[in-house]
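Have a look at the structure below before the remarks.
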Amino acid sequence: MTEMIRRDHRDGWWKITLNRPEKLNAVNEVMLGDLLSVLDAAAADPLCRALLLTGEGRGFCAGQELGPAVIPDEKGPPDLAKLAGTWHHQVVRRIRALPLPVVCAVNGVAAGAGASFALACDVVLAARSAQFVQAFVKIGLVPDSGASFFLTRAIGEARARALAMLGDTLDAGRAEAWGLIWKAVDDAALVEEAEKLTASLACGPTEALAAMKRMFAAADQNTLDAQLDLEAALQGAAGRSADYAEGVRAFLEKRAPNFRGGR
Ligand code: LHQ
């Protein structure tokens, strides 16, 4: 494991920091491999019940490193489909499939695949000074890492198409107003607010939160009938969990629940 991905263990949750500030945390294969390893380790550790993803320095993530792996040379053009499929898209798949909530604290610019990594997370906070840039068009590429999926669903096709085609910068305030992210917060408050939020999710009913991820993943493709069936099945499972028994008991006893997660 290199130092380009930092992992800090907290009480019931981990903080993952993209740590290549001199390049605004632009990612390369080594860094993405490390990130995938950390995500896998989190999935395998029952004591990890939530994740916080953020970036070191003044950027969150400037997308793919525009370096040797992607620069056409005398051997011809790079295989970007392979690169994206092997690394960037696995990160997005992994974040979405993790059976625990993932919070993103967008501390600065999120460009290209970097914006997609943020949008793949479950709850996205951004510093008011942060910006989202669909930078792909500026170098002759198309959105990837789920950008066309996330943008279309979150903010509608008109805005998604314009952002992708123009490459305009979207500030955090407007991203919040458009429903692309959960909240824009004052720069100085970002870390504390994101850590508090992640800690509170880590004390939540982890199995139910994981089931919600499955539910929302299916909501787009399902008919209402199919979604009702899925909700009933997942509610059935939630109703059999220890956290449900504890939640109801705590309500009746007029105290805060002590969810154990049960992963
Ligand atoms: C960087 C980068 C960077 C290297 C800043 N690479 N050095 C593509 C291909 C294949 C497979 C899968 O997926 C993808 C998806 C993608 O992500 S494509 C999009 C790639 N990213 C970009 O095109 C963004 C490029 N960066 C920028 O446009 C700007 O840096 C932004 C708008 C992010 C920030 O601008 P500024 O705040 O003005 O900062 P800066 O440009 O001065 O950057 C600071 C340093 O970071 C600078 O280095 P230097 O040594 O001059 O101080 C940049 O060269 C470096 N940097 N992004 N992606």
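Every number for a ligand or one of its atoms is a count from 1 in the order of the listing.
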query: Nearest protein heavy atom to atom 41 (O) of ligand 1, by residue and atom, and its distance?
result: Leu24 CD1, 4.9 Å
task: For atom 3 (C) of ligand 1, grab the closest protein heavy atom and report residue, atom and distance to one decimal in Å.
output: Ala26 CB, 3.5 Å
- prompt: Got the closest protein heavy atom to atom 49 (P) of ligand 1, with its distance?
  reply: Glu22 O, 5.0 Å
query: If you measure every N/O of Ala113 against every N/O of ligand 1, is any gap under 3.5 Å?
result: yes
statement: The closest protein heavy-atom partner of atom 32 (C) of ligand 1 is Val109 CG2, 4.4 Å
message: To check your reading of the model: name the closest protein heavy atom to atom 13 (O) of ligand 1, its residue, and the distance in Å.
response: Asp144 OD2, 2.6 Å
- prompt: From atom 54 (O) of ligand 1, is the closest protein heavy-atom distance below 4.0 Å?
  reply: no
- prompt: Can you check whether Pro101's main-chain N or O pairs, donor with acceptor, with Asp122's side chain at less than 3.5 Å?
  reply: no
message: With a 4.0 Å cut-off on heavy atoms, is Arg58 in contact with ligand 1?
response: yes
field: For atom 18 (S) of ligand 1, closest protein heavy-atom neighbour
entry: Phe136 CD2, 3.7 Å
message: Using a 3.5 Å distance criterion without hydrogens, assess whether the side chain of Asp186 forms a donor-acceptor pair with backbone atoms of Ala127.
response: no
message: Test of understanding: given a 4.0 Å heavy-atom threshold, classify the contact between Leu66 and ligand 1 as side chain, backbone, both, or neither.
response: both
task: Heavy-atom distances under 4.0 Å are what count here, so tell me which part of Gln131 touches ligand 1: side chain, backbone, both or neither.
output: neither
- prompt: Does some non-hydrogen atom of the protein lie less than 4.0 angstrom from atom 20 (C) of ligand 1?
  reply: yes
message: What's the separation between atom CE in Met215 and atom CG in Asn222, rounded to the nearest 0.5 Å?
response: 10.5 Å
Phe149 vs Asp220 side-chain heavy atoms within contact, under 4.5 Å: yes
- prompt: Distance under 6.0 Å and angle within 45° of the ring axis: does Arg49 meet both against Trp13?
  reply: no
Interfacing atoms of ligand 1 (cut-off 4.0 Å, heavy-atom, Glu65): 4 (C), 6 (N)
- prompt: Does atom 26 (N) of ligand 1 have any protein heavy atom closer than 4.0 Å?
  reply: no
- prompt: Rounded to the nearest 0.5 Å, how far apart are CD of Glu207 and CG of Leu100?
  reply: 12.5 Å
- prompt: Any protein heavy atom sitting closer than 4.0 Å to atom 51 (O) of ligand 1?
  reply: no
message: Judged on heavy-atom distance to atom 16 (C) of ligand 1, which of His89, Gln134, His88, Gln64 sits nearest?
response: Gln64
- line: min-distance protein heavy atom vs atom 7 (N) of ligand 1 -> Lys23 CD, 4.0 Å
Sidechain-backbone polar pair: Ser200 side chain, Leu197 backbone, donor-acceptor under 3.5 Å: yes
message: I'd like to check atom 36 (P) of ligand 1 in this structure: does the protein have a heavy atom lying under 4.0 Å from it?
response: yes
- prompt: Would you call Arg20-Glu65 a salt bridge at under 4.0 Å N-O?
  reply: yes
- prompt: Can you tell which part of Ala62 has a heavy atom less than 4.0 Å from ligand 1: side chain, backbone, both or neither?
  reply: both
message: Could you check whether Glu193 pairs with Lys196 (Lys NZ or Arg NE/NH1/NH2 to Asp/Glu carboxylate O, under 4.0 Å)?
response: no
message: Arg6 vs Glu56, test: salt bridge (Lys or Arg N to Asp or Glu O under 4.0 Å). Steps then yes/no.
response: CA-CA 9 Å; Arg6 249 191 4 240; Glu56 184 63 44; 3.0 Å; yes
- prompt: In the protein, what heavy atom is nearest to atom 28 (O) of ligand 1, and what distance, to one decimal place, separates them?
  reply: Ala135 CB, 4.9 Å
- prompt: Against heavy atoms of Gly63, which atoms of ligand 1 measure under 4.0 Å?
  reply: 17 (O)
Test item: protein heavy atom less than 4.0 Å from atom 10 (C) of ligand 1: yes
- prompt: Is the cationic atom of Arg214 (NZ for Lys, CZ for Arg) positioned less than 6.0 Å from the six-membered ring centroid of Phe216 and within 45 degrees of its normal?
  reply: no
message: Strictly below 4.0 Å, N to O, side chains only: are Asp40 and Arg94 in salt-bridge contact?
response: yes
message: Please report whether atom 47 (C) of ligand 1 has a protein non-hydrogen atom at a separation of less than 4.0 Å.
response: no
query: Is the side chain of Asp171 donor-acceptor paired with the backbone N or O of Gln131 at a distance under 3.5 Å, no angle test?
result: no
- request: Would you mind reporting whether Leu52 and Trp14 have side-chain heavy atoms less than 4.5 Å apart?
  value: no
